[in-house]
Protein chains: 2
Amino acid sequence: MPFSLRQLRYFVAAAEHGEVSAAARALSISQPSVSAAIADLEGQFGVQLFLRRHAQGMALTPAGRRLLPEARSLLEHAREFESGAAGLGQALAGTLEVGCFVTIAPFFVPRLLSGVRARYPGMDVRVTEGHHEELPKGLKSGAFELALLYDYAIGADRDLLAEPLAEFQPYILLPKGHRLARAAKLSLTDLAKEPLVLLDLPSTREYFLSRFIALGIEPLVAHRTPSYEMVRCLVANGHGYSMLNMRPAEDLTYDGKRLVCRPIKDPLVPARVVLVRLAGATQTRRAAAFAEFTREFFTKEAD
Amino acid sequence: MPFSLRQLRYFVAAAEHGEVSAAARALSISQPSVSAAIADLEGQFGVQLFLRRHAQGMALTPAGRRLLPEARSLLEHAREFESGAAGLGQALAGTLEVGCFVTIAPFFVPRLLSGVRARYPGMDVRVTEGHHEELPKGLKSGAFELALLYDYAIGADRDLLAEPLAEFQPYILLPKGHRLARAAKLSLTDLAKEPLVLLDLPSTREYFLSRFIALGIEPLVAHRTPSYEMVRCLVANGHGYSMLNMRPAEDLTYDGKRLVCRPIKDPLVPARVVLVRLAGATQTRRAAAFAEFTREFFTKEAD
DNA sequence: GGGAAATATAATTTTGCATTATCTTGAATA
DNA sequence: TATTCAAGATAATGCAAAATTATATTTCCC
């Protein structure tokens, strides 16, 4: 492209003012800049656009007269493009309320927030952590537009649209040095007589228990706690075993104890992390953008 | 205008290749240049256009996907503008503005227009008739690119280039049956005491009078009129004689009277019809083509 | 864990654009 | 006719954008 939008702007201004000097004043630049831009255009196109009348300013040649409206049109197109492009970012500006299940949040939310902030600088995502009984309510009440949670918490609720993002196979958690930890894989039947530390959260509680019951096993629930890290600490301190979906980067508890994780031999239905939204509502552009980003995030995560 | 066509070109190339590196190769520039251009666009618009997938190149974000066709459209517009602008100088299609002295026009312009239209079908010649004081101004103001007029109207104007096309010896116009009409040739001295009907147009007026004065004759100006046909009618109705350059096909006036035309015995500088253009300006191809055709036309006319 | 591929970043050179000052030209004026 | 004035072109110079090369970083893949 031999010419620039800048040069076109100068050409149009000079044509409108009939003088390079006046155009330069209007553009708040110096007169030689405008002169040079016009001379360059004329050279590029091989056509004389203006007649120089010295003390009388400049007059458009027939060629210049024909070019003027086309230059205006191109500049107008450029302005439209600009506002359209700026609008892409602008429309996303604003706040998006998102809910997230507490145990999922630390694993993904921080990185999701960073990524979304980078891609959509004007967009402000506010994440509220909640339990499985609260999140669907929050969606329905309008407290959030999207929620990140486990599919087992939704059941057959027809009001919610759940988009699967990732699958997690539950695993068994044992204290380091536990006799069962020597096996590479464990069967739930091996654990039937062992004390279970249950993550005692709505839905999650039922989800874990149902994994046993599906195999005809009645687990011995020795401890119940609603805290994820408390589960890990209890297990690491020898109070029993547990079953979890998500696995932190280190098998180390807050109180410095070591854990051992073992996959489960028995075929279990995995837990699916889903992105949930209200079936009836039309999605805002912010929500669509967040959903798109989250989709990509988990696709990359799966690789 | 915060962005440039250059940046848009790089953006489109990167989107098409899916890689900055490949786009840079295709554009024959370095990879960081493309990276920087895209980063700048993203900054300008406040939107992320690409997902960086490191070893996997780049993928368009939803925003980038939306912007891509618009960027292509703007670039296409710019290309059209460019070819249009470049074509102004070269292509024969388009409009050529020509000025012509009023009394010359009816003798040549209609046939010139027909001929030019036949030879250059895409070319639109617009002729503006004017007087000798207006035509050079029109050239200098850019109103027309070429003008057809008498050489005596130019004088020593160094800004104008005049190309001779045809010479016309002035002749004497008498009413039918005038006593001087019996002579085959007339001397201006024979007319010194006769009433003169003067074609009263700038330059032309001075031109005719100077023919007499050059011979030491002071003509008797009985009537002045700026209308060519009025001169003929006044003469035909016995109000005097006149001197003209151009001779219509019939020596018959609008009011049905007969005229007699007689050549002049005295040696006079002929009137030259010239094609004039601005000395400083570069000629468009249309103007060159018109000039060439006009040259040929008058050469044939002289035969 | 190491190599390859892709982009980003850093440092440097080059180019383009802006500026000020000066020159040229034609028109208006005395 | 000489002078002054207005407008554009040209020249010299500084600065900022964009190009380049080289290097770092990240991820994939073996």
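What you see is a predicted model; the values in this text were computed from it and never measured.
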Item to check | Phosphate contact (dT25(C) OP1 or OP2) by Arg52(A) side-chain N/O below 4.0 Å | outcome: no

Checklist entry - Under 4.0 Å: is that the gap between some side-chain N or O of Arg6(B) and OP1 or OP2 of dA19(D)? => result yes

Next on the checklist: For a quick test of reading the model, state the closest non-hydrogen atom pair linking Phe3(A) to Glu82(B) and the distance between them.
Outcome noted: CE2-CB, 3.6 Å

Next on the checklist: Could you tell me how far apart Gln56(B) (CD) and dT27(D) (P) are, to the nearest whole angstrom?
Outcome noted: 11 Å

Item to check | Check: His131(B) main-chain N/O paired with Glu134(B) side-chain donor or acceptor under 3.5 Å | outcome: yes

Item to check | Whole-Å gap separating P (dC17(C)) and CZ (Arg9(A)) | outcome: 12 Å

Item to check | Protein-nucleotide distance (Leu60(A), atom CG; dG8(D), atom P), rounded to Å | outcome: 13 Å

Checklist entry - When the nearest nucleotide of DNA chain C is assigned to Lys140(B) and to Ile29(A) on a heavy-atom basis, which residue is associated with the more 5' position? => result Ile29(A)

Next on the checklist: By nearest atom, which of the nucleotides dA11(D), dA18(C), dA19(D) is closest to the Ser33(A) side chain?
Outcome noted: dA18(C)

Checklist outcome for this item: note: Asp40(B), atom CG; dA8(C), atom C1'; distance rounded to Å ~ 15 Å

Next on the checklist: Angle between ring planes, Phe101(A) versus Tyr150(A), binned at 30° and 60°: parallel, tilted or perpendicular?
Outcome noted: perpendicular

Next on the checklist: Please confirm whether the shortest side-chain N or O distance from Ser35(B) to OP1 or OP2 of dA8(C) is below 4.0 Å.
Outcome noted: yes

Checklist entry - Expressed in angstrom and rounded to an integer, what is the separation of Gln48(A) atom CD from dG8(D) atom P? => result 14 Å

Checklist entry - Base, sugar-phosphate alone, or nothing: which one does Ser21(A) contact when heavy atoms must sit under 4.0 Å apart? => result sugar-phosphate

Checklist entry - Taking the inter-plane angle between the rings of Tyr152(B) and Tyr207(B) on a 0 to 90° scale, is it parallel (under 30°), tilted (30 to 60°) or perpendicular (over 60°)? => result parallel

Checklist entry - Rounded to the Å, how far apart are His17(B) NE2 and dA6(C) P? => result 13 Å

Checklist entry - Which part of the nucleic acid, if any, lies within reach of Phe50(A) when heavy atoms closer than 4.0 Å are counted: base, sugar-phosphate only, or nothing? => result nothing

Checklist entry - Between dT20(D) atom P and Arg25(B) atom CZ, what is the distance in whole Å? => result 14 Å

Checklist entry - In terms of the angle between their ring planes, are His77(B) and His77(A) parallel, tilted or perpendicular, with boundaries placed at 30° and 60°? => result tilted

Next on the checklist: In whole Å, I'd like the distance from the CE atom of Met58(A) to the P atom of dT25(C).
Outcome noted: 18 Å

Next on the checklist: Whether the side chain of Gln31(B) and the base of dA8(C) hold a donor-acceptor pair under 3.5 Å is what I'd like checked.
Outcome noted: yes

